[in-house]
Amino acid sequence: MTHHAQQDAGQCPAHTPDPARPLRIFGPDFSANPHRTYELLRAQSPVPAVEFDPGQWGYLAVTFRAAQYLLRNNPGRFRKDPHHWEALRRGQVPPNSAALMMMAPRDNALWKDGPEHLRLRAALTGALGQVDTHQLARTVTEIADRLIDAFASVGTADLVAQYCDPLPMLTVNSLYGSPPALGEEIIHTVTRLFLAGPDAAEANAALESACLELTRYKRARPGRDVVSSLIAAGLTDDEMIPSLILLFGAAGPPPAKLIASGLRRILTDDRFAGDVHTGVRPVAAALDDVLWHEPPVPNYCPLYAQGVQEVEGVQLQPGFPILISFAAANADPALTLGLPPDARTGNRGHLSFSAGAHACAAPDLARIICETAVERALDRLPGLALAVPADQVPQMPGTFIAGPAALPVSFQRGIPHPARSGRTAA
(Lines give C-alpha, C1' and ligand atoms only; values in the text may rest on other atoms or scores of the structure.)
Protein backbone atom coordinates (compact mmCIF):
# COMPACT_ATOMS: atom_id res chain seq x y z
CA MET A 1 0.00 0.00 0.00
CA THR A 2 1.40 3.43 -0.95
CA HIS A 3 1.84 6.24 1.54
CA HIS A 4 -1.12 8.17 0.07
CA ALA A 5 -3.29 5.08 0.12
CA GLN A 6 -2.37 4.57 3.78
CA GLN A 7 -3.45 8.13 4.58
CA ASP A 8 -6.73 7.71 2.66
CA ALA A 9 -7.50 4.45 4.47
CA GLY A 10 -6.87 6.01 7.90
CA GLN A 11 -4.56 4.65 10.56
CA CYS A 12 -4.25 4.27 14.31
CA PRO A 13 -3.70 7.70 15.91
CA ALA A 14 -0.38 6.48 17.30
CA HIS A 15 0.81 6.56 13.69
CA THR A 16 -1.24 9.15 11.79
CA PRO A 17 -3.11 12.02 13.51
CA ASP A 18 -6.81 11.19 13.49
CA PRO A 19 -9.26 14.06 14.11
CA ALA A 20 -11.73 11.76 15.85
CA ARG A 21 -9.48 10.45 18.60
CA PRO A 22 -6.35 12.31 19.78
CA LEU A 23 -6.33 14.02 23.17
CA ARG A 24 -6.27 17.80 23.26
CA ILE A 25 -3.42 19.84 24.72
CA PHE A 26 -5.52 22.99 24.97
CA GLY A 27 -8.78 24.03 26.59
CA PRO A 28 -10.11 24.03 30.18
CA ASP A 29 -9.77 20.29 30.81
CA PHE A 30 -6.12 20.27 29.75
CA SER A 31 -5.29 23.52 31.53
CA ALA A 32 -6.80 22.27 34.80
CA ASN A 33 -4.28 19.42 34.99
CA PRO A 34 -1.80 19.24 32.10
CA HIS A 35 0.28 16.49 33.68
CA ARG A 36 -2.75 14.19 33.81
CA THR A 37 -3.07 14.60 30.04
CA TYR A 38 0.67 13.97 29.62
CA GLU A 39 0.34 10.76 31.66
CA LEU A 40 -2.50 9.55 29.46
CA LEU A 41 -0.53 10.41 26.33
CA ARG A 42 2.62 8.71 27.63
CA ALA A 43 0.58 5.55 28.23
CA GLN A 44 -0.38 5.59 24.53
CA SER A 45 3.01 6.12 22.95
CA PRO A 46 6.33 7.99 23.26
CA VAL A 47 5.11 10.26 20.42
CA PRO A 48 1.30 10.10 20.40
CA ALA A 49 -1.07 12.00 18.16
CA VAL A 50 -2.64 15.14 19.67
CA GLU A 51 -4.95 17.98 18.79
CA PHE A 52 -2.82 21.02 19.68
CA ASP A 53 -5.24 23.76 18.53
CA PRO A 54 -8.89 23.55 17.48
CA GLY A 55 -8.96 21.45 14.33
CA GLN A 56 -5.16 21.09 14.14
CA TRP A 57 -3.49 17.70 14.61
CA GLY A 58 0.05 16.55 14.98
CA TYR A 59 2.33 14.58 17.30
CA LEU A 60 3.76 15.29 20.75
CA ALA A 61 6.99 13.81 22.13
CA VAL A 62 6.14 13.01 25.77
CA THR A 63 9.11 10.91 26.91
CA PHE A 64 12.54 12.30 27.68
CA ARG A 65 14.22 9.88 25.31
CA ALA A 66 11.94 10.68 22.35
CA ALA A 67 12.16 14.44 22.99
CA GLN A 68 15.94 14.41 23.23
CA TYR A 69 16.22 12.32 20.06
CA LEU A 70 14.01 14.68 18.07
CA LEU A 71 15.75 17.81 19.38
CA ARG A 72 19.08 16.37 18.24
CA ASN A 73 17.50 15.38 14.94
CA ASN A 74 19.13 14.55 11.65
CA PRO A 75 18.09 17.37 9.28
CA GLY A 76 17.84 14.75 6.53
CA ARG A 77 14.99 13.10 8.45
CA PHE A 78 13.31 16.08 10.14
CA ARG A 79 13.08 19.74 9.18
CA LYS A 80 12.21 22.94 11.03
CA ASP A 81 10.69 24.80 8.08
CA PRO A 82 6.93 25.30 8.77
CA HIS A 83 6.23 25.22 5.05
CA HIS A 84 6.19 21.43 5.55
CA TRP A 85 2.98 21.84 7.61
CA GLU A 86 0.35 20.46 5.24
CA ALA A 87 -2.66 22.21 6.82
CA LEU A 88 -0.84 25.53 6.56
CA ARG A 89 -0.02 24.93 2.90
CA ARG A 90 -3.68 24.19 2.23
CA GLY A 91 -4.90 27.33 4.01
CA GLN A 92 -6.62 25.28 6.72
CA VAL A 93 -5.12 27.15 9.70
CA PRO A 94 -7.25 30.15 10.80
CA PRO A 95 -5.37 33.47 10.70
CA ASN A 96 -5.99 34.09 14.42
CA SER A 97 -5.00 30.58 15.48
CA ALA A 98 -2.87 30.55 18.65
CA ALA A 99 -0.75 27.85 17.06
CA LEU A 100 -0.20 29.90 13.91
CA MET A 101 1.16 32.83 15.92
CA MET A 102 3.69 30.48 17.53
CA MET A 103 4.47 28.24 14.53
CA ALA A 104 4.16 30.39 11.41
CA PRO A 105 7.15 30.56 9.02
CA ARG A 106 9.61 33.34 9.80
CA ASP A 107 13.02 33.98 8.29
CA ASN A 108 14.94 33.50 11.51
CA ALA A 109 17.25 30.86 12.94
CA LEU A 110 14.49 28.94 14.73
CA TRP A 111 12.82 27.82 11.51
CA LYS A 112 15.90 27.23 9.35
CA ASP A 113 18.11 24.21 8.69
CA GLY A 114 21.59 23.78 7.26
CA PRO A 115 23.80 26.72 6.21
CA GLU A 116 21.03 29.33 6.59
CA HIS A 117 20.43 28.23 10.16
CA LEU A 118 24.14 28.31 10.95
CA ARG A 119 24.52 31.82 9.51
CA LEU A 120 21.54 33.31 11.33
CA ARG A 121 22.29 31.52 14.61
CA ALA A 122 25.93 32.66 14.50
CA ALA A 123 24.69 36.25 14.24
CA LEU A 124 22.41 35.73 17.26
CA THR A 125 24.97 33.99 19.46
CA GLY A 126 27.62 36.55 18.48
CA ALA A 127 25.38 39.47 19.44
CA LEU A 128 24.21 37.89 22.70
CA GLY A 129 27.73 36.78 23.55
CA GLN A 130 28.83 40.41 23.74
CA VAL A 131 26.44 41.18 26.60
CA ASP A 132 28.32 42.17 29.76
CA THR A 133 26.83 39.82 32.36
CA HIS A 134 27.86 42.01 35.29
CA GLN A 135 26.19 45.03 33.70
CA LEU A 136 23.15 42.85 32.92
CA ALA A 137 22.74 41.98 36.62
CA ARG A 138 23.06 45.67 37.51
CA THR A 139 20.46 46.59 34.89
CA VAL A 140 18.01 43.99 36.17
CA THR A 141 18.52 45.24 39.73
CA GLU A 142 17.87 48.85 38.71
CA ILE A 143 14.71 47.90 36.80
CA ALA A 144 13.53 45.66 39.65
CA ASP A 145 13.98 48.49 42.14
CA ARG A 146 12.09 50.90 39.92
CA LEU A 147 9.16 48.49 39.59
CA ILE A 148 9.12 47.64 43.30
CA ASP A 149 9.31 51.31 44.30
CA ALA A 150 5.97 51.82 42.54
CA PHE A 151 4.13 49.48 44.93
CA ALA A 152 6.39 48.94 47.96
CA SER A 153 4.46 51.42 50.13
CA VAL A 154 1.10 49.75 49.43
CA GLY A 155 1.70 46.40 51.10
CA THR A 156 -0.05 44.38 48.38
CA ALA A 157 0.61 43.75 44.70
CA ASP A 158 -0.02 41.45 41.78
CA LEU A 159 3.59 40.49 41.14
CA VAL A 160 2.81 39.13 37.67
CA ALA A 161 1.33 42.35 36.29
CA GLN A 162 3.46 44.77 38.33
CA TYR A 163 6.81 42.99 38.37
CA CYS A 164 7.34 39.63 36.65
CA ASP A 165 5.81 40.44 33.28
CA PRO A 166 7.37 43.88 32.64
CA LEU A 167 10.84 43.21 34.08
CA PRO A 168 12.32 40.93 31.35
CA MET A 169 11.02 43.07 28.50
CA LEU A 170 12.30 46.27 30.11
CA THR A 171 15.66 44.57 30.52
CA VAL A 172 15.70 43.41 26.91
CA ASN A 173 14.80 46.88 25.65
CA SER A 174 17.82 48.16 27.54
CA LEU A 175 20.05 45.49 25.99
CA TYR A 176 18.70 46.30 22.54
CA GLY A 177 19.07 50.06 22.85
CA SER A 178 15.38 50.73 22.18
CA PRO A 179 14.10 54.30 22.54
CA PRO A 180 11.63 54.40 25.48
CA ALA A 181 8.44 55.00 23.44
CA LEU A 182 9.30 52.31 20.92
CA GLY A 183 10.28 49.95 23.71
CA GLU A 184 6.86 50.42 25.34
CA GLU A 185 5.16 49.64 22.03
CA ILE A 186 7.23 46.46 21.63
CA ILE A 187 6.38 45.33 25.18
CA HIS A 188 2.68 45.91 24.49
CA THR A 189 2.64 44.03 21.18
CA VAL A 190 4.72 41.07 22.43
CA THR A 191 2.26 40.65 25.31
CA ARG A 192 -0.71 40.75 22.94
CA LEU A 193 0.92 38.27 20.59
CA PHE A 194 1.70 35.71 23.29
CA LEU A 195 -1.78 35.97 24.80
CA ALA A 196 -2.92 34.65 21.40
CA GLY A 197 -6.28 36.39 21.62
CA PRO A 198 -8.60 37.43 18.79
CA ASP A 199 -6.28 40.29 17.81
CA ALA A 200 -3.15 38.10 17.58
CA ALA A 201 -2.77 38.66 13.82
CA GLU A 202 -3.02 42.42 14.32
CA ALA A 203 -0.50 42.23 17.17
CA ASN A 204 1.88 40.29 14.94
CA ALA A 205 1.69 42.95 12.24
CA ALA A 206 2.25 45.69 14.82
CA LEU A 207 5.27 43.87 16.24
CA GLU A 208 6.78 43.46 12.78
CA SER A 209 6.33 47.18 12.17
CA ALA A 210 7.94 48.04 15.53
CA CYS A 211 10.90 45.74 14.85
CA LEU A 212 11.45 47.37 11.46
CA GLU A 213 11.35 50.80 13.12
CA LEU A 214 13.90 49.66 15.72
CA THR A 215 16.15 48.26 12.99
CA ARG A 216 16.09 51.51 11.04
CA TYR A 217 16.69 53.49 14.22
CA LYS A 218 19.79 51.42 15.06
CA ARG A 219 21.11 51.52 11.48
CA ALA A 220 21.12 55.30 11.81
CA ARG A 221 22.44 55.25 15.42
CA PRO A 222 24.58 52.15 15.95
CA GLY A 223 25.84 51.44 19.44
CA ARG A 224 27.12 48.74 21.77
CA ASP A 225 23.88 46.77 21.86
CA VAL A 226 22.39 43.52 20.55
CA VAL A 227 20.49 45.08 17.64
CA SER A 228 23.56 46.95 16.38
CA SER A 229 25.56 43.71 16.60
CA LEU A 230 23.00 41.88 14.46
CA ILE A 231 23.10 44.68 11.90
CA ALA A 232 26.92 44.56 11.91
CA ALA A 233 26.69 40.80 11.21
CA GLY A 234 25.11 41.66 7.86
CA LEU A 235 21.45 40.84 8.45
CA THR A 236 19.05 42.56 6.05
CA ASP A 237 15.87 44.31 7.19
CA ASP A 238 13.87 41.26 6.07
CA GLU A 239 16.06 39.09 8.32
CA MET A 240 16.23 41.58 11.19
CA ILE A 241 12.46 41.72 11.70
CA PRO A 242 11.91 37.96 12.31
CA SER A 243 15.19 37.69 14.21
CA LEU A 244 14.12 40.45 16.60
CA ILE A 245 10.69 38.85 17.00
CA LEU A 246 12.47 35.61 17.94
CA LEU A 247 14.62 37.42 20.50
CA PHE A 248 11.76 39.44 21.98
CA GLY A 249 9.58 36.34 22.16
CA ALA A 250 12.26 34.23 23.84
CA ALA A 251 13.38 36.97 26.23
CA GLY A 252 9.93 38.23 27.25
CA PRO A 253 7.07 35.92 28.32
CA PRO A 254 9.13 32.77 29.12
CA PRO A 255 11.47 34.47 31.64
CA ALA A 256 8.49 36.39 33.05
CA LYS A 257 6.67 33.13 33.78
CA LEU A 258 9.83 31.54 35.19
CA ILE A 259 10.23 34.48 37.61
CA ALA A 260 6.57 34.23 38.65
CA SER A 261 6.69 30.45 39.06
CA GLY A 262 9.96 30.71 40.97
CA LEU A 263 8.51 33.21 43.42
CA ARG A 264 5.42 31.07 43.89
CA ARG A 265 7.57 28.01 44.47
CA ILE A 266 9.64 29.79 47.13
CA LEU A 267 6.52 31.13 48.86
CA THR A 268 4.68 27.79 48.93
CA ASP A 269 7.22 24.95 48.94
CA ASP A 270 8.85 24.10 52.28
CA ARG A 271 11.90 22.74 50.46
CA PHE A 272 12.78 26.28 49.37
CA ALA A 273 10.81 28.75 51.49
CA GLY A 274 13.29 28.89 54.37
CA ASP A 275 16.48 28.01 52.59
CA VAL A 276 16.57 30.82 50.03
CA HIS A 277 16.24 33.39 52.79
CA THR A 278 19.01 31.83 54.88
CA GLY A 279 21.24 31.22 51.87
CA VAL A 280 21.39 27.46 52.47
CA ARG A 281 19.69 26.70 49.17
CA PRO A 282 20.10 29.31 46.41
CA VAL A 283 17.38 30.83 44.29
CA ALA A 284 18.92 29.03 41.31
CA ALA A 285 17.88 25.67 42.78
CA ALA A 286 14.28 26.81 43.11
CA LEU A 287 14.27 28.02 39.50
CA ASP A 288 15.70 24.74 38.23
CA ASP A 289 13.03 22.91 40.19
CA VAL A 290 10.47 25.00 38.29
CA LEU A 291 12.22 24.22 35.01
CA TRP A 292 11.95 20.51 35.77
CA HIS A 293 8.31 20.53 36.87
CA GLU A 294 6.66 23.67 35.41
CA PRO A 295 8.69 24.86 32.41
CA PRO A 296 7.40 28.22 31.16
CA VAL A 297 7.38 26.83 27.61
CA PRO A 298 5.70 23.44 28.12
CA ASN A 299 5.22 22.46 24.46
CA TYR A 300 7.02 23.86 21.41
CA CYS A 301 9.87 23.43 18.90
CA PRO A 302 7.87 21.80 16.07
CA LEU A 303 9.58 19.56 13.54
CA TYR A 304 8.35 17.98 10.32
CA ALA A 305 9.17 14.46 9.12
CA GLN A 306 10.75 14.13 5.70
CA GLY A 307 8.85 11.11 4.49
CA VAL A 308 7.63 8.49 6.95
CA GLN A 309 10.05 8.39 9.90
CA GLU A 310 10.16 6.00 12.86
CA VAL A 311 10.91 7.25 16.38
CA GLU A 312 10.75 4.91 19.37
CA GLY A 313 8.77 2.43 17.32
CA VAL A 314 6.23 5.05 16.16
CA GLN A 315 5.82 5.87 12.48
CA LEU A 316 5.51 9.63 12.02
CA GLN A 317 3.86 10.78 8.83
CA PRO A 318 5.00 13.88 6.91
CA GLY A 319 2.88 17.01 6.82
CA PHE A 320 2.03 17.11 10.53
CA PRO A 321 3.86 19.15 13.19
CA ILE A 322 5.82 17.10 15.73
CA LEU A 323 5.87 19.17 18.94
CA ILE A 324 8.23 18.61 21.85
CA SER A 325 6.61 18.51 25.29
CA PHE A 326 9.31 19.81 27.61
CA ALA A 327 6.85 19.52 30.50
CA ALA A 328 6.03 15.87 29.78
CA ALA A 329 9.61 14.88 28.94
CA ASN A 330 11.00 16.40 32.13
CA ALA A 331 8.30 14.58 34.13
CA ASP A 332 8.99 11.22 32.46
CA PRO A 333 8.93 8.63 35.31
CA ALA A 334 11.77 6.77 33.59
CA LEU A 335 14.13 9.56 34.70
CA THR A 336 13.50 9.09 38.41
CA LEU A 337 12.87 5.35 38.63
CA GLY A 338 14.43 4.12 41.88
CA LEU A 339 15.65 7.59 42.91
CA PRO A 340 14.66 9.54 46.07
CA PRO A 341 12.12 12.39 45.64
CA ASP A 342 14.72 15.19 45.82
CA ALA A 343 17.29 13.49 43.60
CA ARG A 344 17.06 16.18 40.91
CA THR A 345 17.37 19.21 43.18
CA GLY A 346 20.15 21.33 41.72
CA ASN A 347 20.26 19.16 38.60
CA ARG A 348 20.27 21.10 35.30
CA GLY A 349 19.76 18.12 33.00
CA HIS A 350 16.21 19.16 32.06
CA LEU A 351 15.23 20.04 28.50
CA SER A 352 13.55 23.34 29.31
CA PHE A 353 16.13 25.35 27.37
CA SER A 354 15.73 22.80 24.55
CA ALA A 355 18.73 20.90 23.13
CA GLY A 356 20.63 20.35 19.93
CA ALA A 357 21.28 22.81 17.13
CA HIS A 358 18.19 24.92 17.89
CA ALA A 359 18.60 25.11 21.68
CA CYS A 360 18.23 28.42 23.54
CA ALA A 361 21.00 30.72 22.32
CA ALA A 362 21.63 32.37 25.70
CA PRO A 363 20.46 30.30 28.69
CA ASP A 364 23.03 31.93 30.98
CA LEU A 365 21.59 35.39 30.27
CA ALA A 366 18.10 34.10 31.02
CA ARG A 367 19.32 32.67 34.31
CA ILE A 368 20.92 35.97 35.33
CA ILE A 369 17.73 37.90 34.60
CA CYS A 370 15.47 35.46 36.44
CA GLU A 371 17.71 34.81 39.45
CA THR A 372 18.41 38.50 39.96
CA ALA A 373 14.71 39.36 39.66
CA VAL A 374 13.64 36.75 42.22
CA GLU A 375 16.41 37.69 44.63
CA ARG A 376 15.60 41.39 44.42
CA ALA A 377 11.92 40.79 45.16
CA LEU A 378 12.85 38.73 48.22
CA ASP A 379 15.33 41.38 49.37
CA ARG A 380 12.97 44.32 48.91
CA LEU A 381 9.69 42.81 50.18
CA PRO A 382 10.08 41.46 53.73
CA GLY A 383 7.22 39.28 54.91
CA LEU A 384 6.35 38.42 51.31
CA ALA A 385 3.48 35.92 51.22
CA LEU A 386 0.69 34.86 48.90
CA ALA A 387 -2.53 36.77 49.48
CA VAL A 388 -4.65 33.83 48.29
CA PRO A 389 -4.42 30.07 48.88
CA ALA A 390 -1.82 28.47 46.61
CA ASP A 391 -4.45 26.46 44.72
CA GLN A 392 -6.30 29.68 43.85
CA VAL A 393 -3.41 31.28 41.96
CA PRO A 394 -4.76 31.58 38.38
CA GLN A 395 -2.80 29.84 35.66
CA MET A 396 -2.06 30.55 32.00
CA PRO A 397 -3.81 28.12 29.60
CA GLY A 398 -0.57 26.15 29.29
CA THR A 399 -0.23 24.94 25.70
CA PHE A 400 2.73 27.08 24.64
CA ILE A 401 3.25 29.37 27.66
CA ALA A 402 2.61 28.29 31.27
CA GLY A 403 2.83 29.89 34.67
CA PRO A 404 0.81 32.13 36.99
CA ALA A 405 -1.56 34.54 35.27
CA ALA A 406 -1.54 36.60 38.48
CA LEU A 407 0.36 36.40 41.77
CA PRO A 408 -1.47 38.34 44.52
CA VAL A 409 0.89 38.95 47.46
CA SER A 410 1.17 40.90 50.67
CA PHE A 411 4.30 42.23 52.43
CA GLN A 412 5.45 44.83 54.92
CA ARG A 413 4.63 48.35 53.75
CA GLY A 414 6.83 51.41 53.55
CA ILE A 415 10.13 49.65 52.90
CA PRO A 416 13.00 52.10 52.29
CA HIS A 417 15.24 51.50 49.33
CA PRO A 418 17.98 49.28 50.84
CA ALA A 419 21.46 48.33 49.72
CA ARG A 420 21.53 45.00 47.93
CA SER A 421 21.90 42.10 50.33
CA GLY A 422 24.96 39.90 50.31
CA ARG A 423 23.17 36.85 48.96
CA THR A 424 24.43 35.92 45.51
CA ALA A 425 23.01 33.81 42.71
CA ALA A 426 24.40 30.33 42.40
Main-chain N/O of [Y] paired with [X] side-chain donor or acceptor, under 3.5 Å:
X	Y	result
Asn330	Leu351	yes
Ser229	Ala127	no
Arg42	Ala328	yes
Thr372	Ile368	yes
Glu116	Lys112	no
Asp113	Lys80	yes
Glu51	Gly55	yes
Ser228	Asp225	no
Ser352	Leu291	yes
Thr268	Arg264	yes

Hey, are [X] and [Y] close enough for a salt bridge, meaning a charged N less than 4.0 Å from a carboxylate O?
X	Y	value
Arg106	Glu208	yes
Asp81	Arg79	no
Arg376	Asp145	yes
Arg119	Glu239	yes
Arg36	Asp29	no
Lys257	Asp165	yes

Exercise: identify the closest heavy-atom pair between [X] and [Y]:
X	Y	result
Ala405	Val160	O-CG1, 3.5 Å
Pro22	Ala49	CB-O, 3.5 Å
Ala104	Trp111	O-NE1, 3.5 Å
Ala361	Thr125	CB-CG2, 4.0 Å
Glu312	Ala66	CG-CB, 3.9 Å
Ala210	Glu185	CB-CG, 4.3 Å

Verdict with reasoning, Arg77 to Gln306, per side chain to side chain donor-acceptor pair (under 3.5 Å): CA-CA 5 Å; Arg77 298 182 60 198; Gln306 301 302 286; over 6 Å; no
Under 3.5 Å, is there a donor-acceptor pair linking the side chains of [X] and [Y]?
X	Y	value
Asp364	Thr133	no
Tyr38	Asn299	yes
Glu213	Ser209	no

Quick one: are [X] and [Y] in side-chain contact, heavy atoms under 4.5 Å?
X	Y	value
Val314	Pro46	yes
Ser354	Cys360	no
Pro397	Phe26	no
Phe78	Leu316	yes

Derivation and outcome, side chain to side chain contact (heavy atoms under 4.5 Å, CB included), residues Asp53 and Ile25: CA-CA 8 Å; Asp53 205 42; Ile25 58 168; over 6 Å; no
Gap between atom [atom2] of [Y] and atom [atom1] of [X] - 0.5 Å precision:
X	Y	atom1	atom2	result
Cys164	Leu147	SG	CG	9.5 Å
Ile401	Tyr300	CD1	OH	8.5 Å
Asp107	Ser243	CG	OG	8.5 Å
Glu375	Leu263	CD	CG	11.0 Å
Leu159	Leu407	CG	CG	5.0 Å
Leu88	Gln56	CG	CD	8.5 Å

Test log, rule side chain to side chain contact (heavy atoms under 4.5 Å, CB included), inputs Leu384 and Ile266: CA-CA 10 Å; Leu384 186 64; Ile266 289 166; over 6 Å; no
Residues Thr63, Val47; criterion side chain to side chain contact (heavy atoms under 4.5 Å, CB included); working and verdict: CA-CA 8 Å; Thr63 67; Val47 196; over 6 Å; no
Between [X] and [Y], does the ring centroid distance fall short of 6.0 Å?
X	Y	value
His35	His293	no
Phe64	Phe326	no
Phe248	Tyr176	yes

Worked check of ring-ring contact (aromatic ring centres under 6.0 Å, His included) between Tyr59 and Tyr304: CA-CA 10 Å; Tyr59 303 97; Tyr304 302 87; over 10 Å; no
Side chain to side chain contact (heavy atoms under 4.5 Å, CB included) evaluation trace for Gln162 with Ile148: CA-CA 8 Å; Gln162 295 173 263; Ile148 291 170; over 6 Å; no
Heavy-atom count check: over 12 atoms from other residues, nucleotides or ligands less than 6.0 Å from [X] [atom1]?
X	atom1	answer
Arg65	CZ	no
Arg24	CZ	no
Arg216	CZ	no

Parallel, tilted or perpendicular: ring planes of His350 versus Trp292, cut at 30 and 60 degrees: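 Geometry flag for Trp292 against His350: perpendicular rings.
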Residue pair Arg380, Asp149: steps toward the salt bridge (charged side-chain N to carboxylate O under 4.0 Å, His left out) verdict: CA-CA 9 Å; Arg380 290 288 315 274; Asp149 285 344; 2.8 Å; yes
